[in-house]
Amino acid sequence: MQTINHGAHLDVPFKEYLSWDAVSKHDLDLVARSPAHYRAAKMTPQETTPAMAFGTAAHAWILEPEKAAEQVAVAPKVDRRTKAGKEQWAEFEMMHPNKVHINDEDARHLAAMHAAVRNHKVAAKLLDDRTATEVSVLWGDERTGVQCRCRPDLVSGNVIVDLKTTFDASKAAFSHTMHKYRYQV
């Protein structure tokens, strides 16, 4: 196994970051649910859900729109129950391996989200003044000695940004979402 030095690392592929032998926020969420959930997740690879794919696409589309086409592909509307649809889908997947696949409706939502973020004065400034995107960080917890890792979405000057998507941005609903998904961790 490769030894990774403590500190911030740029341009680390996400799969490589996930392979680091260190505790992440996601791991802490699983342990908080139950140690059995943590163990099961470590033993069984997690499949990408539509919500996870949308979140990954949102990160690319909003934080690094110049690189979004390298990471995200808009899927054609095909009926995958038919032979022709299955063939079209197989061709699409072959043309876009290792990319997140989103549908046309999600692409429209992402374009609107990107526009909304760019039209927000503070958010636009953070994006324009970004120092780095998707920084992989490794450190040792001083109290426990446990190796820890995190991956801030954006660093802009001395501000760390973590992009989140939500179905309801009202104060009450987003407060509930923050608590539910333990964003403070």
Side-chain angles (χ1 to χ4, degrees), residues 11-20 24-30 32-34 36-120 123-124 127 130 133-136 149-154 161-170 172-174 176-183:
D11 301 320
V12 175
F14 188 59
K15 285 186 178 185
E16 181 181 329
Y17 163 77
L18 291 177
S19 75
W20 291 0
S24 69
K25 188 262 188 201
H26 178 71
D27 294 333
L28 296 176
D29 288 345
L30 289 167
R33 193 167 174 194
S34 81
H37 281 89
Y38 173 79
R39 188 171 357 118
K42 290 300 178 184
M43 295 174 74
T44 308
Q46 184 178 16
E47 288 191 33
T48 301
T49 66
M52 291 166 64
F54 186 84
T56 299
H59 277 227
W61 214 286
I62 294 167
L63 299 176
E64 298 183 293
E66 67 282 359
K67 295 181 181 178
E70 298 169 18
Q71 301 171 40
V72 181
V74 180
K77 281 188 177 182
V78 296
D79 185 348
R80 291 194 272 172
R81 297 172 298 179
T82 67
K83 182 179 179 188
K86 288 175 185 175
E87 289 170 357
Q88 286 177 298
W89 185 258
E91 183 179 334
F92 168 75
E93 286 186 313
M94 274 197 315
M95 291 176 59
H96 303 285
N98 305 317
K99 288 186 182 183
V100 173
H101 301 158
I102 60 170
N103 62 36
D104 203 37
E105 182 180 354
D106 284 345
R108 285 193 298 278
H109 286 297
L110 290 167
M113 290 166 58
H114 177 260
V117 169
R118 293 304 306 175
N119 287 325
H120 188 279
L127 285 170
R130 71 180 167 208
T133 307
E134 303 289 356
V135 180
S136 299
R149 64 182 162 98
C150 69
R151 191 167 164 108
D153 295 331
L154 181 82
V161 176
D162 194 31
L163 178 69
K164 298 296 180 197
T165 60
T166 185
F167 287 102
D168 185 344
S170 70
F174 193 68
H176 173 75
T177 298
M178 286 177 57
H179 177 75
K180 179 180 177 182
Y181 292 109
R182 299 168 27 99
Y183 289 161

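What you see is a predicted model; the values in this text were computed from it and never measured. Only heavy atoms go into these numbers, but all of them, side chains included; no hydrogens, no water, no symmetry mates.
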In this structure, are over 12 heavy atoms from other groups packed under 6.0 Å from E91 atom CD?
no

Go through the structure and list residues passing salt bridge (Lys or Arg N to Asp or Glu O under 4.0 Å) with K99, not counting sequence neighbours.
none

By salt bridge (Lys or Arg N to Asp or Glu O under 4.0 Å) - contacts of E66 (at least two apart):
R130

State, yes or no, whether a side-chain contact exists between L163 and L154 at a heavy-atom distance under 4.5 Å.
no

At what distance, to the nearest 0.5 angstrom, does CE of M113 lie from CZ of R118?
14.5 Å

Dump the intermediate steps for ring-ring contact (aromatic ring centres under 6.0 Å, His included) on H101 and F92, then the final yes or no.
CA-CA 10 Å; H101 301 158; F92 168 75; 4.7 Å; yes

Which value, rounded to the nearest 0.5 Å, describes the distance between L127 atom CG and I62 atom CD1?
8.5 Å

Does the pair K25/D27 count as a salt bridge with the N-to-O cut at 4.0 Å?
no

Please check this pair: side chain of T44 against backbone of A41, looking for a donor-acceptor N/O pair closer than 3.5 Å.
no

Smallest heavy-atom separation, H37 atom then S34 atom, equals ND1-OG, 2.6 Å

Pairs flagged by side chain to side chain donor-acceptor pair (under 3.5 Å) wherever residues 46-63 is involved - sequence neighbours left out:
H59-E134, H59-D153

Pairwise distance CG(L18) to OG(S24) - rounded to 0.5 angstrom:
8.0 Å

Within a reach of under 6.0 Å around NZ of K67, are more than 12 heavy atoms found that belong to other residues, nucleotides or ligands?
no

Tell me if the CG atom of N98 is crowded by more than 12 foreign heavy atoms within 6.0 Å.
no

Mind checking whether R151 and F14 have side chains closer than 4.5 Å, heavy atoms only?
yes

What's the separation between atom NZ in K42 and atom CZ in R39, rounded to the nearest 0.5 Å?
13.5 Å

Going by salt bridge (Lys or Arg N to Asp or Glu O under 4.0 Å), name the residues that satisfy it together with R108, two or more places apart in sequence or in a different chain.
D104

What pairs with R182 under salt bridge (Lys or Arg N to Asp or Glu O under 4.0 Å), at least two apart in sequence or on another chain?
D29

To the nearest 0.5 Å, tell me how far H179 NE2 sits from Y183 OH.
13.0 Å

May I ask you to check if R33 and Y38 form a cation-pi contact, with NZ or CZ under 6.0 angstrom from the six-membered ring centre and within 45° of the axis?
no

Sequence neighbours excluded, which residues qualify as ring-ring contact (aromatic ring centres under 6.0 Å, His included) partners of F174?
none

Euclidean distance, N119 CG relative to H114 NE2, rounded to 0.5 Å:
9.5 Å

Within 45° of the ring axis of W89 and under 6.0 Å from its six-membered ring centre, is that where the NZ or CZ of R80 lies?
yes

